[in-house]
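Chain letters run A, B, ... following the sequence lines, proteins first and then strands; every chain starts at 1.
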2 protein chains.
Amino acid sequence: VIKTTNLQKIYNNSVAPVKAVNDISLEFKEGEFTAIVGPSGSGKTTFLNLIGGLDKPTGGEIFIDGTEISTMKESELFDFRLRNIGFVFQSYNLIPVLTAKENVSFIMLLQKRPKAEMEKRATEMLEQVGLSDKLNSRPNQLSGGQQQRVAVARALASKPKFVLADEPTANLDTESAFNLLDIMEKLNKEENITLIFSTHDQRVIERAGRVITLVDGRVSEDEVGSSR
Amino acid sequence: VIKTTNLQKIYNNSVAPVKAVNDISLEFKEGEFTAIVGPSGSGKTTFLNLIGGLDKPTGGEIFIDGTEISTMKESELFDFRLRNIGFVFQSYNLIPVLTAKENVSFIMLLQKRPKAEMEKRATEMLEQVGLSDKLNSRPNQLSGGQQQRVAVARALASKPKFVLADEPTANLDTESAFNLLDIMEKLNKEENITLIFSTHDQRVIERAGRVITLVDGRVSEDEVGSSR
Ligand SMILES: Nc1ncnc2c1ncn2[C@@H]1O[C@H](COP(=O)(O)OP(=O)(O)OP(=O)(O)O)[C@@H](O)[C@H]1O
Ligand SMILES: Nc1ncnc2c1ncn2[C@@H]1O[C@H](COP(=O)(O)OP(=O)(O)OP(=O)(O)O)[C@@H](O)[C@H]1O
Ligand SMILES: [Mg+2]
Ligand SMILES: [Mg+2]
């Protein structure tokens, strides 16, 4: 369902070239819940950005449902992402001038969903992550963990086929983190949504069905299921 | 050494007033290592910003070494902070156009330290947090955890009397987090630097000498020492 072959990303803009992603070949099946772990700087964000179509590789291919995306035109890729992928950024990337509810609706607006459905979904999602009293607050009126939860609500609201989340619980206390995981697991089981998280959080790692460890841009371990 | 009496911060800019900090009276002794914990939105960042002089309270007083800071003039407060407080922000607040080394030196530059000393300290600090190969990289060339470590190096470089850190390990793997804690504890023991961290991270909480729990802007628990 998501497949990479010999994926590579080299940054040439600093003192020495950085092989952020260095020959990664992985397959993710539909409905899998995978945690990608590894030291700070090991390539987790770079890898997620590549398979999420937010960045172009310097080598190798990326297939999503059989479509090779690394050579897609920008507008085509934009539509593809919009219809299939929900992304939670490590630094949230909320739109400062929009409220929490508007930030969550925004994706569905671009998807041209009916206004009433959009409003309802956005409100529901924000209630689910415990922010029903913050619908009309802007990002700078929210705590770090509240912003993170808006970013998660935004990614989930359109029930995308794939949810790629970059350290989605970094700024959350245990109760909020477990709540988020419950929501994600429910979507995973009920809608067969494929979840791929980068994380340092033991609470997330324990609930993933598969754990991939990156070190220096390469896969160093790949463990599945109850053997863990 | 840091003392608050009936501290209050009310935000009046949203739908309903938010009592982010609601009557907090606490004392922090010199050389203490305190973790402030609590649910997302409980007031940790707001409290840290208040005692760090980055925000003004709506009620109550803040004393640092006997000086009441909430009524200080802006320029006076700026100098006071510069000389005494190292702050690690929840969202790092690195200067995008400066390299890692320049970001760390910046504080010491403002403190008018000799250039040679500054360069040496900045390089040492970045080596200590494992970023010796990133001295000349800009923030957008760094991973989330690397940016976080630069923010920590910046706060520690001038060996301030107080280090206030807002979730300083949120984006770090265990090895990097433990390394950071070792550095902080060393400064705590050798230089008697007072450490106050807001955190959700169990790995940090376990090493703090005192744990204060906030709920809805109030202190709900305050546990000290080996009884924990
Ligand atoms: N500028 C603001 N305007 C209005 N409300 C605010 C503002 N800043 C913070 N708040 C609110 O104050 C409360 C406390 O926020 P604070 O950032 O201190 O929480 P926190 O404990 O640091 O949370 P987290 O663990 O998520 O970082 C939250 O409900 C937040 O929405
Ligand atoms: N735009 C860029 N230019 C140069 N180097 C970069 C760039 N972006 C990332 N890097 C480098 O690529 C490597 C991998 O970065 P990446 O952000 O993928 O790590 P990560 O595993 O997500 O780390 P963290 O856990 O700290 O978030 C790092 O060494 C980083 O410094
Ligand atoms: Mg990252
Ligand atoms: Mg906070």
What pairs of donor and acceptor atoms, side-chain ones from residues 43-53 of chain A against any protein atom, are under 3.5 angstrom apart with sequence neighbours left out?
from: A:K44; atom 1: NZ; to: A:G38; atom 2: O; distance (Å): 3.1
from: A:K44; atom 1: NZ; to: A:P39; atom 2: O; distance (Å): 3.1
from: A:T45; atom 1: OG1; to: A:Q90; atom 2: OE1; distance (Å): 2.7
from: A:T45; atom 1: OG1; to: A:D166; atom 2: OD1; distance (Å): 3.4
from: A:T45; atom 1: OG1; to: A:D166; atom 2: OD2; distance (Å): 2.6

What side-chain donor-acceptor pairs closer than 3.5 Å can you find for residues 15-26 of chain B, not counting sequence neighbours?
from: B:D23; atom 1: OD1; to: B:N6; atom 2: ND2; distance (Å): 2.9
from: B:S25; atom 1: OG; to: B:N6; atom 2: N; distance (Å): 2.8

Practice task
Return yes if some donor-acceptor pair links the side-chain N/O of B:D173 with the main-chain N/O of A:H200 below 3.5 Å, else return no.
Solution key: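 A pair under 3.5 Å: no.
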
Would you say [atom1] of [X] has more than 12 non-hydrogen atoms from neighbouring residues, nucleotides or ligands within 6.0 angstrom?
| X | atom1 | result |
| --- | --- | --- |
| B:F178 | CZ | yes |
| A:D222 | CG | yes |
| A:K3 | NZ | no |

Handout entry: Listed partners of A:A122 passing side chain to side chain contact (heavy atoms under 4.5 Å, CB included), at least two apart
Key =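 A:A122 satisfies side chain to side chain contact (heavy atoms under 4.5 Å, CB included) with A:K101, A:V104, A:S105, A:M108 once adjacent residues are dropped.
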
Handout entry: Per-residue contacts, residues 142-153 of chain A versus chain B, heavy atoms under 4.5 Å
Key =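 Hits under 4.5 Å: A:S143, A:G144, A:G145, A:Q146, A:R149.
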
